[in-house]
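Following: one structure in structure tokens, then a few remarks.
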Protein chains: 2
Amino acid sequence: MNVRPKVARDPKVTDDGVTIHDVARAANVSIATVSRVLNGNPPVTGKTRERVLEAIQELAYVPHGGARSLIKRETRTIGVLLPDMHGEFFSEVIRGLDQVTRQHHYSLIVACTHGEAESAEAMLRAMHGKVDGLVVLSSDLEMHAALSNLLRRIPVVFLNHVQGPGGDEFDSISVDNHGGALAMTQYLLGIGHERIAFVKGPDGNSDAEARLQGYREAMGKVPHLEVAGDFSESGGYRAACKVLQMEPRPTAIFAGNDAMAIGILCALRERGVRVPEDISLAGFDDIPMIRYLSPSLSSIRTPIPELGAGAAERLLMRIESGEAIRPMQQTLEVLLVARASTAPPAAPSRAAGSEKTEPRAKPATPDNGAKPSAPPLPTHTKPRRK
Amino acid sequence: MNVRPKVARDPKVTDDGVTIHDVARAANVSIATVSRVLNGNPPVTGKTRERVLEAIQELAYVPHGGARSLIKRETRTIGVLLPDMHGEFFSEVIRGLDQVTRQHHYSLIVACTHGEAESAEAMLRAMHGKVDGLVVLSSDLEMHAALSNLLRRIPVVFLNHVQGPGGDEFDSISVDNHGGALAMTQYLLGIGHERIAFVKGPDGNSDAEARLQGYREAMGKVPHLEVAGDFSESGGYRAACKVLQMEPRPTAIFAGNDAMAIGILCALRERGVRVPEDISLAGFDDIPMIRYLSPSLSSIRTPIPELGAGAAERLLMRIESGEAIRPMQQTLEVLLVARASTAPPAAPSRAAGSEKTEPRAKPATPDNGAKPSAPPLPTHTKPRRK
DNA sequence: GACGAAAATGAAAACGTTTACATTTTTGGT
DNA sequence: ACCAAAAATGTAAACGTTTTCATTTTCGTC
């Protein structure tokens with residue numbers, strides 16, 4: 001029965017060809033028994049267990065995960081769909097995901113959609129039968145719509161809040177984009193700025209949308225100064241050029257994310273515009289590197305690894321406790337971090353305060369920027385939630 | 001036969017329960033036929049193909065990847081084993097991997113070992129039967145030894161060169177650590193430094209080892225000043241403290257990687273040591289963010305995404321063309337990028353050269369350090385005396 | 001129209017596991 | 001020792017595909 005060419009080799013060498021049958025034969029038992037010792041299932045005698053273990057060792061047998069998944073109907077793998085792999089944002093998300101999935105002995109299979117809905121769909125199809133659940137960051141509403149059809153029967157957690165049409169809702173977890181943008185804008189207003197330009201994110205991006213709304217809400221009747229952007233460094237650079245042409249010139253720029261803020265900073269520097277003396281600059285995300293810029297950048301700290309970790313936790317819960325619970329949207333708190341790039345406007349357009357005017361939020365601290373792991377941390381201010 | 005509870009649902013809704021059998025039944029054909037149209041295999045009539053396609057559409061059937069892998073004996077997935085997920089290095093590697101694997105319609109399953117050999121081993125075992133090949137960055141020699149036993153029969157490419165004992169060699173691809181360190185050290189010597197401290201990487205790390213050798217080779221008879229480090233920011237910080245206590249004080253610090261250079265920069269800044277006036281500072285890797293530091297950091301540019309891409313290419317080649325070829329080690333060229341953090345020592349200890357002395361290694365390119373994708377860049381300084 | 005070849009389809013085995021169930025062995029009470 | 005019950009082990013079906021091989025259908029040719 002089941003004759004397959006066997007090679008007698010150095011036992012330490014894993015030969016992919018060895019199956020549970022080979023082990024069974026070597027130990028003189030049935031495959032069922034081998035399976036039982038493998039899974040620690042009850043009825044198995046010490047003596048035979050020994051024999052089996054020995055055979056496993058001898059043959060350097062490693063169970064075939066694929067076959068196991070098939071019959072157990074669980075892959076212990078979760079799929080991650082991201083727009084791309086640029087910048088620190090995504091690696092931090094993955095880190096958070098990894099942190100909790102590894103505890104539960106799950107693996108991660110990651111794929112980048114590059115913003116194309118059709119490749120996203122292809123990846124989703126390819127993942128069927130290879131994952132127990134999905135974590136998805138859909139880059140825009142369009143894609144979200146395309147995907148949601150495929151995602152009905154498999155547990156999924158989105159990394160941003162999107163309302164499907166007709167209230168078909170999924171689990172989602174996101175940072176408080178609206179509250180963060182609100183807080184930052186209020187902070188800028190508070191230290192005396194009036195003409196605050198906002199550099200938007202890409203159309204259809206739900207995070208970008210929420211940030212814009214936060215800005216608008218805070219600005220109220222004060223004239224809005226909105227410039228198009230795309231969350232990329234180069235987009236920020238271009239946006240800065242537009243801002244500088246505005247008449248009268250804004251005294252502060254609030255970038256929809258840090259990457260754009262970096263581009264903006266470059267543009268300003270090139271043109272000899274000083275930050276924060278001539279223009280204040282703020283970002284959003286607080287990616288680790290911005291504290292090392294000069295001037296260090298004020299931003300909204302988003303708990304990115306926690307975002308990933310939270311998503312993983314929710315997903316695993318849903319997977320493991322048969323999906324009875326109804327979907328919920330969770331929002332993570334953010335933190336306003338004032339650094340050197342924001343200061344009261346040079347020539348107060350309003351007699352609001354002296355040069356030493358303190359922001360309503362705590363003052364920017366001279367920040368000697370260290371990563372969490374090590375030294376001194378900047379002081380933060382909590383944003384007021386709406 | 002094969003009675004399974006069927007639900008009549010919105011056809012657009014993917015029901016994980018639908019199998020090829022359901023499609024076959026709906027189209028009034030055998031599962032073999034369905035399989036054939038699915039895979040575009042020759043003998044199938046236009047009319048029945050239609051029927052089958054219709055049924056597939058109707059039931060929103062998606063083939064089960066796991067089952068397919070099992071019988072085809074290919075998973076179209078490759079595994080990636082990394083030490084951790086901190087910093088830009090790893091996401092860039094993954095980006096490179098993704099770029100080429102996606103073209104070949106392969107997926108990526110990533111796992112972090114966190115430097116623990118036993119969890120690395122567990123992950124490898126879990127991957128058996130779920131991947132067609134592996135890309136591994138083994139954090140140290142010890143781990144490498146532990147893993148190599150498991151990796152005999154499955155194609156694998158290492159992201160660093162390690163000599164197994166007894167010449168058991170694997171495919172590997174790496175950047176030219178030795179050459180880069182050599183060049184940077186020579187460059188520092190060339191602009192007049194004599195006391196150049198080197199901050200080492202973790203013991204047992206092969207990249208760190210090679211960089212150290214490069215430094216040593218360049219220094220020749222000049223006294224070596226080596227300080228322990230661990231490739232982390234905080235490690236750099238601590239190393240800087242030690243360096244500052246050296247007597248006489250070094251005029252330049254060459255950090256084994258950029259992360260440590262950042263930590264060093266913080267430490268120097270805190271203590272009021274000016275860079276490059278008091279001490280020159282150089283890193284290794286040229287991760288994107290260092291060009292934004294002030295002063296912008298001189299470093300060795302390593303083609304990180306290309307590293308990933310190259311690994312993927314080699315691996316896929318090996319997978320697809322039955323592994324006849326013998327393992328080879330590939331080394332990617334690096335580039336010295338001189339920026340503002342390095343300059344000739346303030347008080348030349350030797351009348352070695354004029355102010356304009358060029359390094360023996362290729363001259364630093366005036367680098368406007370563009371990210372591949374784009375745009376705006378800060379202006380960089382060519383190393384020269386102020 | 002019948003015949004054979006070619007084309008299309010179907011039946012069943014296979015991939016490497018787990019597990020329900022059947023069977024054998026052990027055990028303990030008498 | 002013997003018998004039933006309990007414990008250990010074995011048999012075979014199942015997971016959802018692909019593919020070989022056998023079978024049926026189609027078609028052109030005489």
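Chain letters run A, B, ... following the sequence lines, proteins first, then strands; residues in each count from 1. Side chains included, hydrogens not; waters and symmetry mates left out as well; all remaining heavy atoms used.
Considering only side-chain N and O atoms, A:Thr19 lies nowhere under 4.0 angstrom from the phosphate OP1 or OP2 of C:dG16. Under 4.0 angstrom from either OP1 or OP2 of C:dG10 there lies at least one side-chain N or O belonging to B:Thr33. Taking side-chain N and O atoms only, A:Arg73 has no distance below 4.0 Å to OP1 or OP2 of D:dA14.
A donor-acceptor pair shorter than 3.5 Å can be found between the side chains of B:Thr75 and B:Asp132.
Between B:Glu54 and B:Arg51 there is no salt bridge, since no side-chain N of the basic residue sits under 4.0 Å from a carboxylate O of the acidic one. Salt-bridge annotation for A:Asp22 and A:Arg25: present, with a side-chain N of the basic residue lying under 4.0 Å from a carboxylate O of the acidic one.
Base engagement by A:Ile31 is indicated by at least one non-hydrogen atom pair under 4.0 Å involving a base atom. Nucleic acid contact for A:Ser69: none, since no nucleic acid atom lies under 4.0 Å from a heavy atom of the residue. Within the nucleic acid shown, A:Ser35 comes within 4.0 Å of at least one base atom, counting heavy atoms only.
Contacts classified as ring pair (Phe, Tyr, Trp, His ring centres under 6.0 Å) and involving residues 45-66 of chain A (residues at least two apart or in different chains) are given here: A:His64-B:His128.
Distance from the side chain of B:Arg68 is smallest to D:dT17 among C:dA11, D:dT9, D:dT17. Closest approach to the A:His64 side chain among D:dT9, D:dC15, C:dT17 is made by C:dT17 (side chain taken as heavy atoms from C-beta onward). In the set D:dT11, C:dA12, C:dG16, the nucleotide with an atom closest to the side chain of B:Ala32 is C:dA12. Distance from the side chain of B:Pro63 is smallest for D:dT17 among the nucleotides C:dG16, D:dG10, D:dT17.
Applying the 3.5 Å distance criterion, the base of C:dG10 shares a donor-acceptor pair with the side chain of B:Arg36.
Rounded to whole Å, the distance from NE2 on A:His128 to C1' on D:dC15 is 12 Å. Distance CD1 (B:Ile71) to P (C:dG16): 10 Å, rounded to an integer number of Å. Whole-Å rounding puts the A:Lys130 NZ to D:dC15 C1' distance at 15 Å. Per the geometry, CD1 belonging to A:Ile56 stands 13 Å off C1' belonging to C:dT17, to the nearest Å. The distance between atom CG of B:Asn39 and atom C1' of D:dT17, rounded to the nearest whole Å, is 9 Å. If you take NZ of B:Lys72 and P of D:dG16, they are 18 Å apart, rounded to a whole angstrom. Between the P atom of D:dA14 and the NE2 atom of B:His21 lies a distance of 11 Å, rounded to the nearest Å. Rounded to whole angstrom, the span from the CG atom of A:Asp22 across to the P atom of C:dT17 amounts to 9 Å.
The structure places CG of B:Asp98 at 10.0 Å from CG of A:Leu82, a figure rounded to the nearest 0.5 Å.
A residue-by-residue look at B:Val29 and A:Leu38 shows that B:Val29 has its nearest nucleotide of DNA chain C further toward the 5' end.
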